[in-house]
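The next block holds one structure in the form of structure tokens; read it before the comments.
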Amino acid sequence: MTFADILAILPQQLVFGITLGTAYGLIAIGYTMVYGVLFMINFAHGDVFMIGAYVGWALLGMLFASHVVPMHPMIVLPLLLVGAMVMTGAIGLLLERLAYRPLYQRGATRLGPLISAVGASIFLQNAVMLIAGAREKVYMTYSVFPRTWRFAVAGINVSVLVIVIASIALLMMLGLHWLVQRTWLGRSIRAVAEDREMAAVMGIDVWRVVALTFCIGSALGGAAGVLIGFYYTQINFYMGYAAGLKAFTAAVLGGIGNVRGAMLGGLILGIVESLAVTFINPAFKDVIAFVVLILVLMFRPGGILGEALPDWKRV
Amino acid sequence: MPAKWQRFSVPAIVALALAIPAVVPNAYQMGVITRICLYALLALGLNIVVGFAGLLDLGYVAFFGIGSYVYAFLASPHFGLHWPFLLALSASVVTTAIFGVLIGAPTLRLRGDYLAIVTLGFGEITYILLINLDRPINITGGPSGIVSIDPPSFLGITLRDNWQYYYLILALMGAAVALSRRLRDSRIGWAWQAIREDELAAQVMGINTVAAKLQAFAIGASFAGAGGALLASWQRSVFPDNFLFTESVNILAMVILGGVGSIPGVILGAALIVALPEIFRDFALYRLLAFGLLLMILMIFRPEGLLSFKGPPEEADPLEQVTAERQ
Amino acid sequence: MTMSDRPLLEVRGLSKDFGGLHALQGIDIDVHAGEIVGIIGPNGSGKTTFFNVLSGIFPASAGTIRFAEHQNITRLPPHRVTRCGIARTFQNQRLFNQMTVLENVCAGMVSRTRAGLLPIMLALPGARAEKAAAEQRAMELLGVFGTRLVPRRDRRAASLSYANRRRLEIARALATGPRLLLLDEPAAGMNPSETRELMSDIVRIRDRGLTIVLIEHDMHLVKGVCSRVIAFDHGEKLTEGTFGEVRNHPAVIEAYLGHRAAVAA
Amino acid sequence: MRKIAAIAAVLAAAWVLAVPVCAQDTIKIAAGAPLTGPLAKQGQEVANAVKLAVEEWNAKGGVLGKKIAVLEADDQGNPQVGVAAAEKVAADPAVMGSVWGITSVTCIPASEVLDRSNIVLITPGCTNPKVTDRGLKNVDRVCARDDFQAPAGAVWLIQDLKKKKIAVFDDGTTGPRGGADEFEKKAKALGATVLRYVIRAGDKDFRPILGTIPKDADAIYASIWAPDAALIVKQLPDVGLTVPVMGPDGQFEPVDYIQASGGAAEGNYVSFLVPDVKKVPAAQAFAKAFEAKYGPVSSYGPLAYEATNILLTAVQKVGKPDREAIRDAVRATKGYQGALGVSVTFNAKGDVDTQNIYIYQVKGPDFIQVKSLNLGS
């Protein structure tokens, strides 16, 4: 390919990269939220995301079969999102209650919850495989967002679906920001993140806040599952691993514990990947993504936007 | 255990380990036990990095892979080299130790979880390079890996059966146990543990944390290098798929399950992680489900690991007790 | 002043800024060999920051620190400072909690030992002898505190009582083989009898040939052991002299009690 | 802590001493395949086809006067797990042979283990040349090799369809990479231009990669599995490419490829190792029996069934439970007339001499056979 060819496809490639990055960022928000409060890599988060995608798939199939609900995005999307968020929020609560809290209360080191989360991840994957079968599930994306719903801006092909996903991602990010900065719950979350014991002394029910954090983070992961299910059009029970890995990378890249950082990290990761594919070699896109991560961390050890962690966690 | 029995325990364990092939009825179980020893060797190496020095390494499998491929390069028709076993094994060990330093060096400034994601990245990079360095020049053999690797042979004896491999791997695992103990109870081990407990205090106590961390990476990696060479010669073929991220997680689970930093604990962890899926094999579809559940349950009931050591609480004199409470 | 009277520690114009905050400003201090110097001052007056800059944890913003045979140690990283012969304890106890009492002291000995990786892995006689010597010396250092620590050598540091943890921190600092020992509030949290014991311990350590600088709020201890006292306030050195001189210095009274109290006095 | 050690020791002893209970009146056939994990569906079809064949033999009285049992060996598509599974198979004295699919990367190390115990391994779907090229006495293959299948694809695209510039994909795993390499070799020999691309198995958004394909490319050869191929054909319109896509046997999946693509796969080509069972009169009985029990045949079932029958025929011919003799008898199979209407003869390496490749085209919900190629000797 000549350089002129590359330049010709570059804008379109950037759009693909941004879309991919939005997907990573969406999943990363849940990671970063749980991490910011509990200082724990929730390895099962990718699988919670996967379950969100499955719930959305099942609901979509039911809606489609019922022939009652018109397959319009304005109707279908909220239904699917709410369903997936309720389900994954509940799973998040369960995970916190079963795989995190007992360990912490028994005085585990930071590594214990990590392995427990790995166990939960393996369990969830296999549970979904046993319930839904090993086969890939297909999202009927094009019955909700017809293929013709796309437009060209200056030669760049953009579909309505992508706009919808990006807008919802932005809304979720702003909503979370509002929640953390402006509400009673957000203040409690920040207090617990800052100093758990002091928060308890101040009369905050620490475990309730931790549980709610898990619940909200997981529900956001579930919503991401539905949206990305639509975009990917195919889902499987082990998709949480690859997606979770990228999302965690995005969260660290942006500065862990930092919601805007997660979104930014996702975008940068997506763009880096699409540029690597365009300019270098598709085979090495993940190598380049990780090299960028390592370089960023070498020069900015707290990620691009800096970590939003209290001082004691940084030492 | 009464003290007078204590000194018999090591010879007893050694005798038991040596007798296993005579007791175990078939090659399958022998194979599983051999695999336990191989993974114990790997887990002991990771234990140095994670357990002793407290550096959370999620890409440990990279060293396992590099060790395997170095052995495969040097002892297979792939490059037409057929180095003697011990020489090729040593080359694996030395190469991985060098890679340990190379990968460790850029990560020294990073704190716990950042280190985790960066090492994870190195693991992924290694895997992708193993797959894709088959062109333009065929270095790694691509996804098809390298086959027809030479089996180990010394003094004209070529090892073929599982029990022979068992003794070979047991010997190296035994060496790893001895080295781990010596290092732990040495000035280097003191430095590692001090860094794990409190990096700043360790620096102030005069410990060169950079050197100590690099030593931990190098030694931990070299154990994986030995393990990799053993895997390559035992499996007689290596593929990139041997070195997926899940393998790193498995080895980390061994270290944590048994009790971080505890040498017998790490070996027990290896035994559990290798044997449990085999025990559940008869439940076919439910095997991994049960494995995941068991990991969670074990962590809930023994969060410090199965063989973690907790000293008895201080029997403080009453005066001190009062003071402590006043704090 | 002859060459041999040159101070062990010579601090000139030492300043430390955090952003806009002047934590230390133009500190000049000399400490001579064999002294026990006390640093007093209200909370936030820069005492601990001074220790942190001395031990290399924070780089100085300006000024020089010279130590021993007039080496400039101003820009050295912490472990190099320690190797030059300055050891310290921490105000908020930073022991290696999961290591045993003996191992904690041994960890302090790392920089004073030499054995390399290979000799240790091969258990060569040199490495074994060095390790045995290190452990013997560690036991000896635990013995500085009589029977307080010796019988507890194999306990985890985390399981020790408060006072014993303070003692262990001093033993660990001694293990680095310092000529100058910095103690950050060694008596904090001790009851009067433990403090009295600590005072005799400190004097005994000085008598082993060390020089000591300590930060302390317990005036009883400062009065009892310090040959000279330096008062800090707002990151500056207010005054120095004997305990009596410093205690009666109006600026010190003002710093501790506020302006009105000083006028009243 | 001591209690735990004691419990562990007792458990370990119990496990070690638990000698597999083997009733002496059964003969066992191992069915090795990924029964869990991403390839579970195809793997389970292999196991099911083996079970079906065994049930039919048992209905006729078994073999050597004994009932036949199937020992399922789950290799998860992972080499290490495959080795462990093979060791378990080898340790069971009742096992007289194995049918092992479908990933070469597990089949190769598993066959090394089985070789030590002289257990024959017939593979219905491991197409990598190295499976048989290592010269093991116990490995036979009833399907065509990648170095025949992929060139058949090149012949079809370049000679029959006159394509000139072809984008070739693989997913960085053994079988697909090998196939892509063979395709490239043949396509270049036939005078076409080849561009290589690698996707990462597990990724779902291939638009950035597809976007870099030059707009004058006139075909895609996707040496990848069906779900990934379905994603690629669905995402092609997003980058403005309308070219035919061709793939190897892994895409012969009505559900995971045609259905999953939602119509986007229409008109594409797939090469496969099995002729259309509907078109082979001899295969009707099998197809019906399989569908009744396990659902429609969708991949390697017929070949696994064929392999099982070849194996049991060899056992019968040998007349005694002798692994070594059975191994040699399988290799000596000549002119076996199986359920697929093709005669099977193994060459010295263990490959079938008839390297039959069938080209199918996607039409509506089905694959329609459009050509058969025999590139064998």
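Numbered from 1 within each chain, the chains take letters A, B, ... in sequence-line order.
Contact annotation for residues 48-55 of chain A against chain B (heavy-atom separation below 4.5 Å): no residues qualify.
Between chain B and the residues A/A289, A/A127, A/S116, the most heavy-atom pairs under 4.5 angstrom are made by A/S116. Of the residues considered (A/N281, A/L245, A/I288), A/L245 shows the highest number of contacts with chain B, using heavy-atom pairs under 4.5 Å.
Heavy-atom distances place the side chain of A/F43, and not its backbone, under 4.5 Å from chain B. When heavy atoms are compared at a cutoff of 4.5 Å, B/F301 approaches chain A by way of both its backbone and its side chain. Heavy atoms closer than 4.5 Å to chain A are found in both the backbone and the side chain of B/L252. Heavy atoms of B/V50 lying under 4.5 Å from chain A belong exclusively to its side chain. Interface residue A/L293: only side-chain heavy atoms are found under 4.5 Å from chain B.
Within a 6.0 Å radius of CZ in B/R196, other residues, nucleotides and ligands contribute more than 12 heavy atoms.
When every heavy atom of B/M296 is checked against every heavy atom of A/A99, the shortest pair comes out as CE-CB, 3.9 Å. Between A/L98 and B/I300, the closest heavy-atom pair is O-CD1, 2.7 Å.
To the nearest 0.5 Å, the span separating CG on A/L253 from CD1 on B/I117 amounts to 10.0 Å. Considering CG of B/L289 and CZ of A/F123, their distance stands at 5.0 Å, rounded to 0.5 Å.
A salt bridge (charged side-chain N to carboxylate O under 4.0 Å, His left out) check over residues 242-251 of chain A, counting only residues at least two apart or in different chains, returns the pairs A/K246-A/E273, A/K246-A/D286.
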* Asked: Run the side-chain contact (heavy atoms from CB on, under 4.5 Å) check on A/F290 and B/F122 step by step: do they pass?
  -> CA-CA 8 Å; A/F290 277 115; B/F122 275 119; over 6 Å; no
